[in-house]
Amino acid sequence: MRKKVYTGKGIGVAVLDTGIFPHIDFGSRIRAFCDFTKGKTGPYDDNGHGTHVSGILGGDGAASDGRYKGAAPGCSIIALKVLDRFGNGSREDVLRAFRWIVNFGQIYNIRVVNISVGTTSRSRNEQQDLLRGVDELWDQGLVVVAAAGNQGPGSGTVTAPGSSRKIITVGSSDMLQGNKAVSGRGPTFECVCKPDLVAPGNRITACAPGYPYSYGIKSGTSMSTPRISGAIACLLEKEPQLSNVEVKMLLKESTDDMGLPRNQQGWGKFNCEKLMKC
C-alpha cells in the first residue's frame, strides 16, 4: 500500500513579507495578494525576501525538476505585502494585515500565519502592539509562526512579534554557534524562554523574482520559519481538526535535542518525520 504524501493541499498560509513574484513554482496557488504598502493589486515583490520565504514554504520545484521544493508544495499562499523594497515596514501596516486575516481568513481557509519579519525596536510600546496583534490571531485559532530574528547571539535578542509567549517562534539551527551565530535567543522581556524550536536557515536556495524559473540564496531565521509553517500545513492536511495549541505541543515532541541551552535551541532541531508520524 502506497504511503500518502501530504503537501498542505487545501491549507491556506498567510505570508506577511515583501510580497510575492508569480514564480512558476507557485503555479495557481497564490490565492490572494494584498499590498498594504502601495495598494497595488497584482502580485509583485520589489525586494525578493517574500518570494524566497514563499518558495521555502510552498514552491513545488517545477523550475528545478523538484530540486528546490518547499515544505508544503501543495498549500495555498496568501501573500500580504507589509514591507517595502528596502525590507522596511510600519507597525500600522502589519496590524492592518492582521485585521485582514481576521476578516477574510475563512474565505481562503487560512490556518497558518508565517511572519518572517520582526521589529528591532527596543520600544516596549511598539513591541506590545505587535504582541497583542499576534496573540489575537492565536486566540482566533490560527497557528502563528514567527522568526526569532537575526539580532543574536546575545541574550534577550528575539525580535517582536517572535517574543510572544503564545505563538511558535523559530530560530536557525545552523546559525546558533560560531561566526554565523545571529539567531535570536531569549529570554524575552517577560522572561519567557525562546525560541520554541530551530530549523536550518543558512544559505537556503529558493524562488527569486525576475524570471519564472529564478532561484536565489538567502540566510537567516526568516528562512527557517517557513519550513515550520509548511510542515504545519502538511500536518493540518493530515489532521485538520487539530487546534493551534495541539499543533504547538506536537511540534515540541518533534524535535531533536542539540545539547544547547533552552534559550538558544528551544526544544531542539525540528524533525519533520517525527511530526508526520504523530
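The first residue in the sequence is number 1, and the count goes up from there.
Between Tyr215 and His52, the distance separating the two ring centers is not shorter than 6.0 angstrom.
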Worked verdict on Asp129 versus Arg132 for salt bridge (charged side-chain N to carboxylate O under 4.0 Å, His left out)
CA-CA 5 Å; Asp129 282 350; Arg132 265 195 299 272; 2.6 Å; yes
Check the pair Val245 / Trp138 against side chain to side chain contact (heavy atoms under 4.5 Å, CB included), numbers first and verdict last.
CA-CA 9 Å; Val245 174; Trp138 186 270; 4.1 Å; yes
Please step through side chain to side chain contact (heavy atoms under 4.5 Å, CB included) for the pair Leu250 and Glu239, ending with a clear verdict.
CA-CA 12 Å; Leu250 288 172; Glu239 306 283 356; over 6 Å; no
Step by step, would you call Thr37 with Asp84 a side chain to side chain donor-acceptor pair (under 3.5 Å)?
CA-CA 6 Å; Thr37 64; Asp84 63 19; over 6 Å; no
Could you walk me through whether Asn244 and Leu142 pass side chain to side chain contact (heavy atoms under 4.5 Å, CB included), step by step?
CA-CA 6 Å; Asn244 52 8; Leu142 292 155; 5.5 Å; no
Mind running side chain to side chain contact (heavy atoms under 4.5 Å, CB included) on Lys81 and Cys34 for me, showing each step along the way?
CA-CA 6 Å; Lys81 182 170 170 61; Cys34 194; over 6 Å; no
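The side-chain hydrogen bond (donor to acceptor under 3.5 Å, both in side chains) check on Arg262 picks up nothing, with sequence neighbours excluded. The side-chain hydrogen bond (donor to acceptor under 3.5 Å, both in side chains) search around Glu253 returns none, not counting sequence neighbours.
Between the CD atom in Gln128 and the CZ atom in Arg91 there is a gap of 11.0 Å [rounded to 0.5 Å]. Rounded to the nearest 0.5 Å, atoms CG (Leu16) and CH2 (Trp100) are 10.0 Å apart. Atom CD1 of residue Ile168 and atom OG of residue Ser164 lie 10.5 Å apart, to the nearest 0.5 angstrom. The distance from the CZ atom of Arg165 to the CG atom of Asp196 is 11.5 Å, given to the nearest 0.5 Å. Ser219 contributes atom OG, which lies 4.0 Å from atom CG of Asn202 (distance to the nearest 0.5 angstrom).
Tyr6 and Ile77 fall within a single hydrophobic cluster, where Ile, Leu, Val, Met, Phe, Trp and Tyr side chains are chained together by heavy-atom contacts under 4.5 Å. Cluster membership for Tyr68 and Val15, using ILVMFWY side-chain heavy atoms within less than 4.5 angstrom, is not shared.
Side-chain contact check for Asn150 and Thr221: at least one donor-acceptor pair (N or O, by modelled atom type) lies under 3.5 Å. Side chain to side chain, Tyr44 and Asp35 meet the donor-acceptor criterion of an N or O pair below 3.5 Å. Inspection of the His49 and Ser222 side chains reveals an N or O donor paired with an N or O acceptor under 3.5 Å. If you check the side chains of Ser254 and Asn271, you find no donor sitting under 3.5 Å from an acceptor. A donor atom on one side chain and an acceptor atom on the other are found under 3.5 Å apart for Ser172 and Ser224. Residues Thr188 and Lys194 bring no donor and acceptor atom of their side chains to less than 3.5 Å of each other. Judged by distance alone, the side chains of Ser116 and Asp17 never bring a donor and an acceptor atom under 3.5 Å apart.
Of the possible polar contacts, none joining the Thr18 side chain to the Leu83 backbone as a donor-acceptor pair under 3.5 Å is found. Put simply, the side chain of Arg29 gets close to the backbone of Pro73: a donor and an acceptor are under 3.5 Å apart. Although no hydrogens or angles enter the test, the distance criterion places no donor-acceptor pair under 3.5 Å between the side chain of Asp93 and the main chain of Gly89.
Counting heavy atoms from C-beta on, the side chains of Trp267 and Leu251 come closer than 4.5 Å. Val247 is listed as a side-chain neighbour of Leu236, based on a closest heavy-atom distance under 4.5 Å.
Other residues, nucleotides and ligands place more than 12 heavy atoms under 6.0 Å from the CZ atom of Arg96. Residue-environment remark: NZ (Lys69) stays at or below the threshold of 12 foreign heavy atoms within 6.0 Å. Around the CG atom of Asn103, the shell of radius 6.0 Å holds more than 12 heavy atoms that belong to other residues, nucleotides or ligands. Counting non-hydrogen atoms of other residues, nucleotides and ligands closer than 6.0 Å to NZ of Lys218 gives a total above 12.
Between Lys274 and Asp256 there is a salt bridge, with a side-chain nitrogen of the basic residue lying less than 4.0 Å from a carboxylate oxygen of the acidic one. Using a cutoff of 4.0 Å between basic side-chain nitrogens and carboxylate oxygens, Asp139 and Lys166 are scored as salt-bridged.
Checking each of Ile204, Val170, Ile232 against Arg227 for a side chain to side chain contact (heavy atoms under 4.5 Å, CB included) leaves exactly one that passes, namely Ile204.
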